[in-house]
Amino acid sequence: MKTEKEILNKKNILSGMQPTGRLHLGHYLGVLTNYAKLQNEYNCYFMAADLHAMTAFYSDYEKAQEFLIPMISDWLAAGIDPEKAVIFVQSDVSEHSELALILSMYTPVSWLMRNPTYKDKQINIDKEIDSHGFLGYPVLQAADILLYDAEFVPIGEDQLPHLDLSRDIVNRFNHFNKHNQNNVFRLPKPLLSSFPKVLGTDGRKMSKSYNNTLILSSDEDSLMKEIMTMKTDTARVRLKDPGNPQNCPVFTYYDFFAKERKDEIADNCMKGSIGCKDCKNIVGSKIVVDLEPFRERYKEAKDNSQNINEILKEGAIKAKEKARETMQKVKDSMGFYLK
Ligand code: TRP
Ligand code: SF4
């Protein structure tokens, strides 16, 4: 049975996020608001990538599972709507593992060794992750995308090498297997979000691994406290020193939360007539107030985990339906003996 969106010929989108920590402002401005928009225009599959999370959490996997309900609560709070999008957990749809195994036969090891995220993480992560599964991470990601015949994949730039690999795998698979003389898989395309990088409290890109995040679901006081400790223009030492807002991470938040005061603040900062504390207070209170409805929805969602379980169950049923269809096509094209 086709969904309403499929009947309307909407294109499919798949995106995934690993449940490996609490979501922060960077996720919100860069990813979640984008998901919430996309669900109105596309047939969206949004997936909690809990199998991918196993690469780093293999020894304490229950921790990754603990992040699952909070992450879905964040999604719901950001307006992702189970009536519009299919929200599901990767491990609930066993076809992900099955297709990943098949695709792995079409993926030369040298392609995976060249993958920049593989090289990076091996150097940077304190935990030992030199597993077969970690090397094959992009193969599982390709399976995620291909199972849903996704035309677009909304991702950040850091994920582009993974998508390129998916495309290489598609080409290789399609080269060897045809389904009624047609290609089995379509080539997925990236959908880069137009949001700029969100900076963290230390001025570097906001990221869990830098410990510089503003957690979306934190209460007002903790949020405000984090903002007050933020780095500013480091060249500005005394209140009367002229500052340079272009070198200040706090100032970047004005763009998102208090655009109407940007010019005035920049002016005063450069003249040395506003102190950083006041400046943080202004934008900080705006952030806290703007996120208040989010916090309320988050709390409501998280306190009602039975409802989330229902959403995920429903989502898994819908996802599985599509995934099974694809697997049938894959096996057919390869010449599996079908009973
Ligand atoms: N690798 C992605 C990340 O860490 C998560 C992910 C898993 C994903 N499967 C995906 C993203 C499929 C897009 C499409 O952010
Ligand atoms: Fe940054 Fe504001 Fe301080 Fe200027 S006044 S350096 S913009 S925090």
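Computation of the quantities below employed the complete heavy-atom set of this structure, encompassing side-chain atoms and omitting hydrogens, waters and symmetry-equivalent molecules. One-based numbering, in listed order, for ligands and for the atoms of each.
When only modelled atom types and interatomic distance are considered, S217 and R295 share no side-chain donor-acceptor pair under 3.5 Å. No side-chain N or O of D81 forms a donor-acceptor pair with one of Q39 less than 3.5 Å apart. When only modelled atom types and interatomic distance are considered, N244 and D233 share no side-chain donor-acceptor pair under 3.5 Å. No side-chain N or O of D130 forms a donor-acceptor pair with one of Y118 less than 3.5 Å apart.
For ligand 1, the atoms sitting less than 4.0 Å from at least one non-hydrogen atom of A49 are 7 (C), numbered in the order shown with element in parentheses. Per-residue contacts place D233 under 4.0 angstrom from the following atoms of ligand 2 (heavy atoms of the residue considered): 6 (S). With ligand atoms numbered from 1 in the order given, ligand 1 contributes 4 (O) to contacts under 4.0 Å with heavy atoms of Q18. Per-residue contacts place V153 under 4.0 angstrom from the following atoms of ligand 1 (heavy atoms of the residue considered): 13 (C), 14 (C). Taking every non-hydrogen atom of L14 and a distance limit under 4.0 Å, the qualifying atoms of ligand 1 come out as 12 (C), 14 (C).
A cation-pi contact links R204 to Y210, judged by a cut-off of 6.0 Å to the six-membered ring centre and 45° from its axis.
A salt bridge links E98 with K331: the closest approach of a Lys/Arg side-chain nitrogen to an acidic carboxylate oxygen falls below 4.0 angstrom. Salt-bridge check for E264 with R261: passed, with a basic side-chain N closer than 4.0 Å to an acidic carboxylate O. Taking a cutoff of 4.0 Å between a charged side-chain nitrogen and a carboxylate oxygen, E41 and K10 do not qualify as a salt bridge.
Scanning the protein heavy atoms around atom 5 (S) of ligand 2, the nearest turns out to be R236 NH1, 3.1 Å. In terms of protein heavy atoms, atom 9 (N) of ligand 1 is closest to D144 OD2, 2.7 Å. Among protein heavy atoms, the minimum distance from atom 15 (O) of ligand 1 is reached at Q159 NE2, 3.7 Å. Atom 1 (Fe) of ligand 2 has C248 SG, 2.3 Å as its closest protein atom, hydrogens excluded (heavy atom only). The closest protein non-hydrogen atom to atom 7 (C) of ligand 1 is H52 ND1, 3.3 Å. Protein heavy atom at the shortest distance from atom 1 (N) of ligand 1 is Y137 OH, 2.6 Å. Protein heavy atom at the shortest distance from atom 2 (Fe) of ligand 2 is C279 SG, 2.3 Å. Counting only heavy atoms of the protein, atom 6 (C) of ligand 1 lies nearest to G16 O, 3.7 Å. Closest to atom 3 (Fe) of ligand 2 among all protein heavy atoms lies C276 SG, 2.3 Å.
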For this session: Under the ring pair (Phe, Tyr, Trp, His ring centres under 6.0 Å) rule, what do Y58 and F134 come out as? Steps first, then yes or no, please.
Result: CA-CA 10 Å; Y58 58 87; F134 181 57; over 10 Å; no

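Using a 4.0 Å cutoff on heavy atoms, C269 counts as a contact of ligand 2. Ligand 1 has M47 within reach: a non-hydrogen atom of the residue lies less than 4.0 Å from it.
Not one N or O of H162 is nearer than 3.5 Å to an N or O of ligand 1, by distance alone.
Taken to the nearest 0.5 Å, the CE atom of M71 stands 9.0 Å off from the NE2 atom of H27.
Proximity of S333 to F173: side-chain heavy atoms (C-beta onward) are separated by under 4.5 Å at one or more points.
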